[in-house]
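Working notes for the structure below.
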Number of protein chains: 2
Amino acid sequence: MLIDKILDQIYILPETSKQVLKSHISEVKFPKGHVLFKANKTESSIYFIKKGIVRAYAYSEDNEITFWFGKEGDPIVSMQSYVNTKKGYEDVALLEDCELYELKTDKLQSLFLEDIHIANWGRKFAEFELIKSEERLIALQFNTATDRYIALLKNHPSIIQRVQLKHIASYLGITQVSLSRIRAEIK
Amino acid sequence: MLIDKILDQIYILPETSKQVLKSHISEVKFPKGHVLFKANKTESSIYFIKKGIVRAYAYSEDNEITFWFGKEGDPIVSMQSYVNTKKGYEDVALLEDCELYELKTDKLQSLFLEDIHIANWGRKFAEFELIKSEERLIALQFNTATDRYIALLKNHPSIIQRVQLKHIASYLGITQVSLSRIRAEIK
DNA sequence: GATTTTTTTTATCATTTGTTAAATGGTTTC
DNA sequence: GAAACCATTTAACAAATGATAAAAAAAATC
């Protein structure tokens with residue numbers, strides 16, 4: 001997805017502000033398997049996915065748990081780094097070869113203080129991420145793993161087509177064996 | 001908690017901007033049991049809790065599930081109303097007599113477009129809510145109900161002292177019977 | 001302060017999910 | 001295209017959680 005569309009979906013900026021913001025965004029490419037964010041590190045950039053699919057995961061005891069998938073148009077952000085300049089708790093790894101838009105956090109922070117339109121763009125960016133986070137939280141608390149698998153199948157079929165089931169099982173909070181049972185049942 | 005402290009904890013505003021923002025905030029009181037937000041309604045205000053404790057809940061089939069508790073200093077927001085002017089899915093009810101600070105959403109929205117400092121205050125407000133939402137999401141996905149009960153006991157003991165266990169069980173995603181078993185075990 | 005009502009705990013049994021291991025199916029590599 | 005490797009499904013058993021009901025404890029009401 002092109003950067004103009006990604007930026008516009010968040011908040012329509014006046015043309016001058018948009019050009020300023022875009023002047024700080026560059027394109028980067030990484031191969032499948034590349035680890036973009038490392039846990040316990042303060043990340044200095046945020047990204048938007050032009051092409052590809054990625055996952056965020058963290059470790060609990062010795063097993064890793066996937067808690068987010070990103071695909072075309074989605075932002076990749078280590079929230080603790082972005083909001084508090086603190087170390088993040090997550091790895092983000094690429095599940096496919098990816099093309100990304102990169103934006104340095106420190107540049108963005110100074111733009112927030114200089115340009116009211118960009119400040120409001122940043123506000124809407126956080127607000128939309130908040131809405132998404134809340135929706136995931138509600139889904140996790142209200143729906144069974146079966147419900148959430150069916151919802152994923154319906155709303156994000158490309159995730160299920162493009163991602164290994166072990167990651168999806170982990171994302172749903174169940175074992176791979178349980179996911180297999182669910183898949184066998186709903187057929 | 002006083003409004004100055006609540007506002008400052010989010011983002012330190014220049015004195016003039018702070019006075020403008022405060023001029024739109026008023027104090028209101030409601031008795032225990034009052035339903036502040038109603039599901040399927042677009043709410044026109046956000047609140048900050050000066051004194052008291054509240055819960056947000058929604059219905060799944062016929063049983064209600066509590067998914068948030070708020071206490072002194074916390075904001076009360078129907079995110080769908082606040083961000084998208086859409087209907088919320090949650091009720092918010094007061095568990096004690098409460099004193100609240102009220103801020104009309106439409107006023108705040110126009111201030112965002114007029115004052116860059118208030119826009120950045122609004123950005124930090126959303127960002128901090130996002131951090132809290134992510135932390136809850138991670139806790140829900142990574143930790144067992146027992147872990148989360150112990151964390152609640154440690155980090156928010158006043159919730160457990162002041163709220164009925166049926167609401168806490170629902171918040172933890174388990175039955176009241178299971179919570180009783182957990183409480184019996186960790187003693 | 002005794003009675004009624006509500007909240008919390010305990011007990012029993014059924015159901016669901018996890019664990020481990022083996023079998024099947026699919027990809028990649030030489 | 002056979003061999004090796006990885007992903008997914010199936011099977012059997014164990015452990016954890018839910019459902020229901022009853023008992024105990026606590027709170028509210030008169």
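Per chain, numbering begins at 1; letters A, B, ... match sequence-line order.
Atom P of nucleotide D:dA16 and atom OH of B:Y149 are separated by 20 Å, given to the nearest angstrom. The interatomic distance linking A:L165 (CG) with D:dC6 (P) rounds to 17 Å, in whole Å. Distance, B:Q161 CD to D:dA27 P: 13 Å, rounded to whole Å. When rounded to the nearest whole Å, the span between CD of B:Q164 and C1' of C:dT7 equals 7 Å. Rounded to whole Å, atom P of C:dT8 lies 8 Å from atom CZ of B:R183. Put simply, CD1 on B:I182 is 12 Å from P on D:dA16, counting in whole angstrom units. Residue B:L179 contributes atom CG, which lies 15 Å from atom P of C:dT7 at whole-angstrom precision.
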**Request:** Starting from the C-alpha separation in whole Å, work towards a yes-or-no answer on salt bridge (Lys or Arg N to Asp or Glu O under 4.0 Å) for B:R55 and B:D91.
**Result:** CA-CA 8 Å; B:R55 75 182 177 105; B:D91 282 8; over 6 Å; no
**Request:** Applying salt bridge (Lys or Arg N to Asp or Glu O under 4.0 Å), run through B:K50 and B:E72 and close with a yes or a no.
**Result:** CA-CA 5 Å; B:K50 181 180 182 187; B:E72 286 79 9; over 6 Å; no
**Complete:** Reading nucleotides 12-18 of chain C from 5' to 3' and marking B where a protein heavy atom lies under 4.0 Å of the base, S where only the sugar-phosphate is that close, and - otherwise, the string is B----SB
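Map B:K32 and A:Q176 each onto its nearest nucleotide of DNA chain D; the residue landing nearer the 5' end is A:Q176.
One axis for each end of the helix from C:dG1-D:dC30 to C:dC30-D:dG1, each built from five base pairs, and the angle between them comes to 50° at 10° resolution.
B:H156 and B:K71 are linked by a side-chain donor-acceptor pair at a separation below 3.5 angstrom, with hydrogens and angles left out of the test.
The pair A:E135-A:K132 fails the salt-bridge criterion, with no side-chain N (NZ, NE, NH1 or NH2) lying under 4.0 Å from an Asp/Glu carboxylate O.
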